[in-house]
Chemist: 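Structure in structure tokens, see below.
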Amino acid sequence: VDFRGGVALEWNKAGIPHKGWSCVDVEDIAEYFDDAEEIEYEQCEMCGRERIRFVHIMRHPDYPDELRVGCVCAEKMSDDYVNPRRAEDTLKKRAVRRKNFNRKEWSYNPAKNTYSKKYKGEYITIMQGRYGNWGVFFAGKRIWDYDGSKIRSMEEAERIAFEVFEQYHTTQEERELQFWLEQRRF
């Protein structure tokens, strides 16, 4: 067995299928890191390449374990040279959007006890409720629970604000189309 950096190189290991794998997920392991933090990159379990940020989780019907690999190995293992790259590109673009979103400062409004920011022409607001939990307000939505849990801190509310923005943000063009479609109903 060939080892590089303490990880067995599965390409050289007997009994490991080389083709027929399916990608079940792709993770950005630095999704919640800020620029000041040191990212703990992973190492590809198939080839040993270090500093994998976007980890493709691969599964094979004839192999008991999932393997965490980089994009190139995911392409080879699945014999798909389009979708692994597309999935990784989607996560890279999301990371850039998150970084841009986080660059905008929150403005505190003492009269309302709220924090707001304008991003892509729209306002998103965070406020602390009377019982200590936090809420995110955007696009007519008031969100006090996210993924089945109360929002417990300003930091968590800031993280969730990006998720809410991603989910509900529409472009001016999309809003205009929706307006005209609704007008046609009358």
Chemist: Mind checking the OG-CZ spacing from Ser153 to Arg159? Nearest 0.5 Å is all I need.
Modeler: 8.5 Å

Chemist: May I ask you to decide whether Asp28 forms a salt bridge with Arg53, counting only side-chain N to carboxylate O separations under 4.0 Å?
Modeler: yes

Chemist: Between Lys117 and Tyr123, is NZ or CZ placed under 6.0 angstrom from the six-membered ring centre and within 45° of the ring axis?
Modeler: no

Chemist: Would you list the pairs meeting ring-ring contact (aromatic ring centres under 6.0 Å, His included) in which at least one residue belongs to residues 54-73, sequence neighbours left out?
Modeler: Trp21-His60, Trp21-Tyr63

Chemist: Is Lys120 close to His169 at the side-chain level, that is, under 4.5 Å between some pair of heavy atoms?
Modeler: yes

Chemist: Determine whether Ile160 and Trp106 fall in the same hydrophobic cluster, where Ile, Leu, Val, Met, Phe, Trp and Tyr are linked whenever their side-chain heavy atoms lie under 4.5 Å apart.
Modeler: yes

Chemist: Can you tell whether the side chains of Lys150 and Glu156 come within less than 4.0 Å, N to carboxylate O?
Modeler: no

Chemist: More than 12 non-hydrogen atoms from neighbouring residues, nucleotides or ligands closer than 6.0 Å to NZ on Lys19, yes or no?
Modeler: yes

Chemist: Do Arg97 and Asn100 pair up side chain to side chain, a donor and an acceptor below 3.5 Å, judged on atom types alone?
Modeler: no

Chemist: Taking atom SG of Cys23 and atom CG of Asp25, what is their separation to the nearest 0.5 Å?
Modeler: 7.0 Å

Chemist: Could you walk me through whether Tyr41 and Glu50 satisfy the side chain to side chain contact (heavy atoms under 4.5 Å, CB included) test, starting with their C-alpha distance in whole Å, then the side-chain angles of each, then the deciding distance to 0.1 Å, before giving a yes or no?
Modeler: CA-CA 7 Å; Tyr41 293 97; Glu50 296 180 7; over 6 Å; no

Chemist: State, yes or no, whether a side-chain contact exists between Cys71 and Arg85 at a heavy-atom distance under 4.5 Å.
Modeler: yes

Chemist: When you compare the side chain of Phe162 with that of Arg94, does any pair of heavy atoms fall below 4.5 Å?
Modeler: yes

Chemist: What distance separates Arg86 CZ from Tyr81 OH, expressed to the nearest 0.5 Å?
Modeler: 16.0 Å

Chemist: Could you see if Phe165 belongs to whatever hydrophobic cluster contains Tyr146? Use Ile, Leu, Val, Met, Phe, Trp, Tyr and a side-chain cutoff under 4.5 Å.
Modeler: yes

Chemist: Between CD of Glu31 and CZ of Arg98, what distance do you get to the nearest 0.5 Å?
Modeler: 4.5 Å

Chemist: Find out whether Met77 and Met46 are in side-chain contact, i.e. whether some heavy atom of one side chain is under 4.5 Å from a heavy atom of the other.
Modeler: yes

Chemist: Any heavy-atom pair between the side chains of Glu66 and Val24 that's under 4.5 Å?
Modeler: yes

Chemist: Locate the shortest heavy-atom distance separating Ala30 from Ile39; write the atom from each residue and the value.
Modeler: CB-CD1, 3.5 Å

Chemist: Is Arg59 atom CZ crowded by more than 12 heavy atoms from other residues, nucleotides or ligands, each under 6.0 Å away?
Modeler: no

Chemist: When rounded to the nearest 0.5 angstrom, what distance separates CD1 in Ile52 from CZ in Arg49?
Modeler: 4.5 Å

Chemist: Which ILVMFWY residues can you reach from Met127 by hopping between side chains whose heavy atoms are under 4.5 Å apart?
Modeler: Phe137, Trp144

Chemist: Rounded to the nearest 0.5 Å, what separation is found between the CD1 atom of Ile151 and the CD1 atom of Ile126?
Modeler: 8.5 Å

Chemist: If we ignore hydrogens and angles and just use 3.5 Å, is the side chain of Asp80 paired with the main-chain N or O of Asn83 as donor and acceptor?
Modeler: yes

Chemist: So, do Cys47 and Cys73 sit near enough that their side-chain heavy atoms are less than 4.5 Å apart?
Modeler: yes

Chemist: Tell me, do Met154 and Trp134 make a side-chain contact under 4.5 Å, heavy atoms counted?
Modeler: yes

Chemist: For Arg68, check side-chain contact (heavy atoms from CB on, under 4.5 Å) against everything at least two apart and list the hits.
Modeler: Glu27, Ile29, Glu42, Glu45, Val55, Ile57

Chemist: Shortest non-hydrogen contact from Val26 to Ala87?
Modeler: CG2-CB, 3.9 Å

Chemist: Determine whether a donor-acceptor pair (N or O, by modelled atom type, separation under 3.5 Å) exists between the side chain of Gln43 and the backbone of Gly48.
Modeler: yes

Chemist: Tell me if the centroids of the rings in Phe101 and Tyr119 come within less than 6.0 Å of each other.
Modeler: yes

Chemist: Under a plain distance cut-off of 3.5 Å, with no hydrogens placed, do Ser116 and Thr125 share a side-chain donor-acceptor pair?
Modeler: yes

Chemist: For Glu88 and Lys92, run salt bridge (Lys or Arg N to Asp or Glu O under 4.0 Å): C-alpha distance rounded to whole Å, both residues' side-chain angles, the deciding distance at 0.1 Å, then the answer.
Modeler: CA-CA 6 Å; Glu88 189 165 307; Lys92 285 178 180 177; 3.4 Å; yes

Chemist: Within the 4.5 Å heavy-atom criterion, are Pro84 and Ser78 side-chain neighbours or not?
Modeler: yes

Chemist: Going by distance alone, is a donor N or O of one side chain under 3.5 Å from an acceptor N or O of the other, for Asn113 and Tyr108?
Modeler: yes

